[in-house]
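Notes for the one structure printed next.
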Amino acid sequence: MPFPANVQTYSAPGKLILLGEHAVVYGQPAIAFPVSELRTRVAVHPAPQLRVTSAIWDRTYQIADPAIHADPVYSAISLTAEALGCPIPLRHFTIESEIPAAGGLGSGAALSAALGRAVSFALDRQIDNESLNQIVFQVERLYHGTPSGIDNTVVVFETPVYFVRGQPIEHLRISGSYTFVVGDTGIRAPTRESVGDVRALMASKPDTTTSAIDAIGHLVDRARSALATGNVIELGRCMSDNHGLLQELTVSSPELDRLVEAAEASGSLGAKLSGGGRGGNMIALVSADTVERVSKALGVAGAVRVFSTTLKSNQEEPIA
Ligand code: PMV
């Protein structure tokens with residue numbers, strides 16, 4: 001149920017990885033951008049105890065219970081309070097999310113970021129994005145084990161990024177505007193498992209796995225140049241090649257492959273899975289002429305949900 005318009009909320013967006021997932025865990029670059037139209041929102045209400053309610057669960061936290069430190073929702077709240085030098089605020093936080101869970105759209109990071117912002121409001125303090133990013137990263141560890149940090153960075157700063165693990169954020173230069181159709185397989189696949197399987201593949205077949213990961217890194221660099229120069233054809237090619245390499249890393253699935261093939265057969269310029277894979281979402285680059293056709297084709301090929309989103313230029317357009 002969406003919040004009524006007069007309720008003050010604190011929010012964060014979803015995200016899509018355009019290229020480079022999985023390889024980013026091994027130090028290669030990746031490109032991701034926020035999906036500002038899909039958000040997680042949190043409202044704050046007075047309460048005698050710490051309570052958090054979503055559409056599907058309702059938890060009251062006993063702060064003395066040590067087991068709650070493994071709970072990502074509690075951790076987002078307690079780490080924010082700690083960073084602000086305050087006790088945990090006894091409030092009722094209610095959550096409304098438009099981002100499907102475990103689908104590669106950054107739902108966990110968006111929830112942590114929105115909760116962090118709501119907690120800082122409840123404590124009458126300001127949390128800066130650098131600190132919030134660190135907090136969301138720590139919570140991502142509880143969800144994923146060994147996250148690269150890309151999800152929290154895009155979701156907290158809400159800007160397209162060229163991301164390399166452990167390096168300062170590079171805000172991506174975008175010339176031209178790019179429309180994507182996103183198709184959801186409806187299969188919820190935990191990122192922790194696919195990341196673990198790539199790690200196992202790296203141990204059993206180090207040579208081929210390393211070369212696939214390096215090749216993904218090269219595609220990301222080509223895609224960065226394509227985005228900077230407005231080369232939509234080249235970007236599409238990089239995306240499709242990236243999907244082939246993700247198949248080699250065993251993180252695609254028959255359902256994802258079916259959606260990628262349907263997008264390509266109906267006129268998309270390039271398509272690939274996005275996020276951890278095995279299920280979740282895929283992303284297809286389209287033109288104004290093909291957006292409808294590709295969206296329909298994804299529905300026919302089994303997507304349970306299809307939406308389109310646009311990555312807009314952040315460069316000064318030349319005056320005609
Ligand atoms: O499934 P998501 O949206 O959380 O994306 C994970 C991206 C990976 O590269 C597979 C893992 C990571 O931590 O970067």
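Whatever order the structure lists them in is the order used to number ligands and atoms, beginning at 1. When reading the values below, keep in mind they use all heavy atoms of this one structure, side chains included, and skip hydrogens, waters and symmetry mates. The structure displayed is predicted, hence computed values, not measured ones.
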Following the transitive rule for hydrophobic clusters with a side-chain heavy-atom cut-off under 4.5 Å over Ile, Leu, Val, Met, Phe, Trp and Tyr, establish whether [X] and [Y] coincide in one cluster.
| X | Y | value |
| --- | --- | --- |
| Val139 | Trp57 | yes |
| Val304 | Leu105 | no |
| Val251 | Tyr143 | yes |

Got the closest protein heavy atom to [atom], with its distance?
| atom | answer |
| --- | --- |
| atom 7 (C) of ligand 1 | Ile17 CD1, 3.6 Å |
| atom 4 (O) of ligand 1 | Asp151 OD2, 2.9 Å |
| atom 6 (C) of ligand 1 | Thr191 CG2, 3.6 Å |
| atom 3 (O) of ligand 1 | Lys15 NZ, 2.5 Å |
| atom 14 (O) of ligand 1 | Ser148 OG, 2.5 Å |

Crowded around Arg59 CZ? As in, over 12 foreign heavy atoms under 6.0 Å?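 Correct, the count exceeds 12.
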
What do you reckon, is CG of Asp124 surrounded by more than 12 foreign heavy atoms closer than 6.0 Å?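 At most 12 heavy atoms, drawn from other residues, nucleotides or ligands, come within 6.0 Å of this atom.
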
Fit a plane to each ring of Tyr74 and Tyr61, take the angle between them on a 0 to 90° scale, and name the class: parallel (under 30°), tilted (30 to 60°) or perpendicular (over 60°).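 Judged by the thresholds at 30° and 60°, the geometry between Tyr74 and Tyr61 is tilted.
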
His92 and His45 aromatic ring geometry - parallel, tilted or perpendicular at 30°/60° bounds: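 Tilted.
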
Side-chain (Thr310) to main-chain (Lys312) donor-acceptor, under 3.5 angstrom: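 No; zero donor-acceptor contacts below 3.5 Å.
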
Numbered atoms and elements of ligand 1 in range of [X], under 4.0 angstrom, heavy atoms:
| X | answer |
| --- | --- |
| Ile150 | 14 (O) |
| His144 | 4 (O) |
| Val24 | 9 (O), 14 (O) |
| Glu21 | 9 (O) |
| Gly275 | 1 (O), 3 (O), 5 (O) |
| Pro147 | 13 (O) |

How about Phe180 and Phe33: are their ring centres within less than 6.0 Å of each other?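 For Phe180 and Phe33, the ring centres are under 6.0 Å apart.
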
Would [X] count as a polar contact of ligand 1, with the cut-off being nitrogen or oxygen pairs under 3.5 Å?
| X | value |
| --- | --- |
| Gly149 | no |
| Gly276 | yes |
| His22 | yes |

